[in-house]
Amino acid sequence: MVQVWQSTQFEGVVYREHQDRKHGSRLDRYFIIRYRQNGRQKNEAAGWGSEGMTAQKANSLRAIIKENIRLGLHPQSLAEMRQADQDRTDAERQEAEQEERKNITFGEVFSQYLDTLHGGHRASTESRYKTYLLEHFGGKPLRSIYPLDLERFKSQNRTRISPKSVHHTLCIIRTVYRKAVAWGLYTGQIPTDETSFPKVNNKRVRYLSVAEAHALLDELRQRSLQTHDQALLALHCGLRAGEVLDLRWGNLDFKARVIHLLDPKAGEDQQAFMTDAVEQMLLARLPEGAKPSDYIFPGKDGGRQYKISDTFVRTVNDQGLNAGVTDTRERVVFHTLRHTFCSWLALQGTPLYTIQRLARHKTIAMTERYAHLAPDHKQDAVNTLGAMFEKAATVEGKVRGG
């Protein structure tokens with residue numbers, strides 16, 4: 001269909017009508033402007049009447065362009081004019097985003113960081129934030145938190161929060177700032193870089209005797225089979241509470257008697273190994289039609305159990321395992337079962353490197369805390385060396401003496 005352009009009252013402004021679409025009481029009109037640039041005729045679309053264009057507006061745009069061409073200024077076309085408007089809009093948006101980044105709060109970045117976490121680590125991090133950090137720093141912009149604020153935080157909570165909790169809390173603050181930098185949300189100072197972290201001696205020294213462990217498991221079996229089975233995994237396989245609660249049926253390889261830990265604390269896929277008791281327990285728990293994605297120890301809603309049941313703590317207390325104990329490192333908690341696993345391995349002479357691999361410690365230094373439990377073979381080693389030397393000397397003397 002041939003387009004018919006119609007004149008307006010303004011020179012260089014013409015329009016054509018849409019075939020059937022109306023704007024108001026008449027057909028919609030599409031306006032263009034015509035002008036000369038460098039001796040060449042140019043036609044440029046100004047827009048539809050339904051989008052706000054009128055002959056008068058088109059004429060005003062044409063007048064600006066013609067004047068700019070005469071004076072050698074810019075823009076000299078509608079395309080240039082639209083690009084300039086877009087550039088201005090982009091600059092304003094970038095400026096607004098920069099201003100928003102300047103004012104982004106600790107709580108906003110923490111929320112984004114929390115979304116990257118899973119399982120027990122997510123639950124414990126969120127709990128510490130709500131308990132210790134939300135009130136002090138949640139609504140403050142990152143750029144408005146200084147090392148002095150952290151020192152005041154430590155001072156105000158010196159008697160209320162243990163050094164270990166203060167240390168963990170400062171670690172959360174440091175991680176939030178580092179994530180903000182990595183995500184391009186922050187470019188300023190990281191206040192924890194100028195803040196001292198409390199020295200924490202949280203190495204557990206208490207481990208269960210075989211008799212204590214048997215008595216505890218027997219009592220747990222009577223009170224809660226699920227808690228008993230979780231404790232058995234920690235004691236026999238050295239699993240952490242979070243690793244126990246994260247377990248799904250797809251993590252198990254009964255043929256190889258291996259438990260795959262897909263998100264362990266060490267940051268890589270690792271393995272734990274089933275004992276006979278653990279294998280029998282898991283097979284007894286395996287429900288018919290279980291899916292690989294189903295939790296082995298589901299919560300009430302079938303999802304992940306939030307934490308180890310308080311039944312464990314009550315049973316420990318009822319058995320008197322913490323009676324009169326004031327040093328937290330001596331108290332029996334669920335993690336004591338993992339510590340007992342490592343201690344028993346050391347007591348039977350297992351090499352530290354093997355304990356490190358079985359416990360999935362990130363460094364051998366973490367395993368060396370169990371070195372004092374290993375049988376003392378040093379004197380035997382020296383005696384053996386001395387005997388070897390004396391034997392060699394005796395043999396050499398006989399050779400020389402003929």
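Since we're looking at a predicted model, the values are computed, not measured. For the numbers below, each heavy atom of this structure counts, side chains included, while hydrogens, waters and symmetry mates do not. Along the sequence shown, the residues carry numbers beginning at 1.
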Could you check Leu337 against Leu216 for side-chain contact (heavy atoms from CB on, under 4.5 Å), going step by step and ending with a plain yes or no? CA-CA 11 Å; Leu337 302 177; Leu216 177 60; 4.3 Å; yes
Which residue, Arg16, Gln19, Arg21, forms the side-chain hydrogen bond (donor to acceptor under 3.5 Å, both in side chains) with Asp28? Arg21
Residue list, side-chain hydrogen bond (donor to acceptor under 3.5 Å, both in side chains) with Glu151, at least two apart or on another chain: Lys154
Ignoring hydrogens and geometry beyond distance, is a side-chain donor-acceptor pair present between Gln83 and Asp87 at under 3.5 Å? yes
Would you say CD of Gln56 has more than 12 non-hydrogen atoms from neighbouring residues, nucleotides or ligands within 6.0 angstrom? no
Answer yes if the ring centres of Phe137 and Phe153 are under 6.0 angstrom apart, and no otherwise. yes
Residue Gln41 excluded, over 12 heavy atoms near CD under 6.0 Å: yes
What orientation do Phe110 and Tyr113 show, parallel under 30°, tilted 30 to 60°, or perpendicular over 60°? perpendicular
Parallel, tilted or perpendicular: which fits the ring planes of Tyr370 and His361, with parallel below 30° and perpendicular above 60°? parallel
Any donor and acceptor pair, going by atom type alone, linking the side chain of Glu17 with main-chain N or O of Leu27 inside 3.5 Å? no
So does Gly39 get a backbone contact from the side chain of Arg36, meaning a donor-acceptor N/O pair under 3.5 Å? yes
State which residue, out of Asp149, Ile145, Asn157, fulfils the side chain to side chain contact (heavy atoms under 4.5 Å, CB included) condition with His136. Asn157
Would you check if the side chain of Arg257 reaches a backbone N or O of Phe273 as a donor-acceptor pair within less than 3.5 Å? no
Does a donor on one side chain and an acceptor on the other come within less than 3.5 Å for Thr175 and Arg178? no
For Lys57 and Gly52, indicate whether the former's side chain and the latter's backbone hold a donor-acceptor pair under 3.5 Å. yes
Strictly distance-based, threshold 3.5 Å: is any side-chain N or O of Tyr177 a donor or acceptor partner for the main-chain N or O of Gly188? no
Can you check whether Arg221's main-chain N or O pairs, donor with acceptor, with Arg223's side chain at less than 3.5 Å? no
Smallest separation among heavy atoms of Val332 and Thr336, with atom names: CA-OG1, 3.4 Å
Is it true that Gln270 and Arg357 share a donor-acceptor pair across their side chains at a distance under 3.5 Å? no
Cut-off 3.5 Å, side chains only: do Gln76 and Gln37 have a donor facing an acceptor? yes
Should Asp85 and Arg82 count as an ion pair when the cut-off is N to O under 4.0 Å? no
Hey, is Lys66 close enough to Glu11 for a salt bridge, meaning N to O under 4.0 Å? no
His236 (side chain) donor-acceptor with Thr275 (main chain) under 3.5 angstrom: no
Do Glu243 and Leu247 come close enough that some side-chain heavy atom pair is under 4.5 Å? no
Without hydrogens or angle criteria, can the side chains of Asp276 and Gln280 be said to hold a donor-acceptor pair below 3.5 Å? no
Assess, by modelled atom type and distance only, whether the side chains of Gln189 and Glu194 contain a donor and an acceptor separated by less than 3.5 Å. no
Is there a donor-acceptor pair under 3.5 Å between the side chain of Asp301 and the backbone N or O of Gly303? yes
Between Thr367 and Ile355, is there a donor-acceptor pair closer than 3.5 Å when you use the side chain of the first and the backbone of the second? no
Any sub-3.5 Å donor-acceptor pair from Ser224's side-chain atoms to Leu220's backbone N or O? no
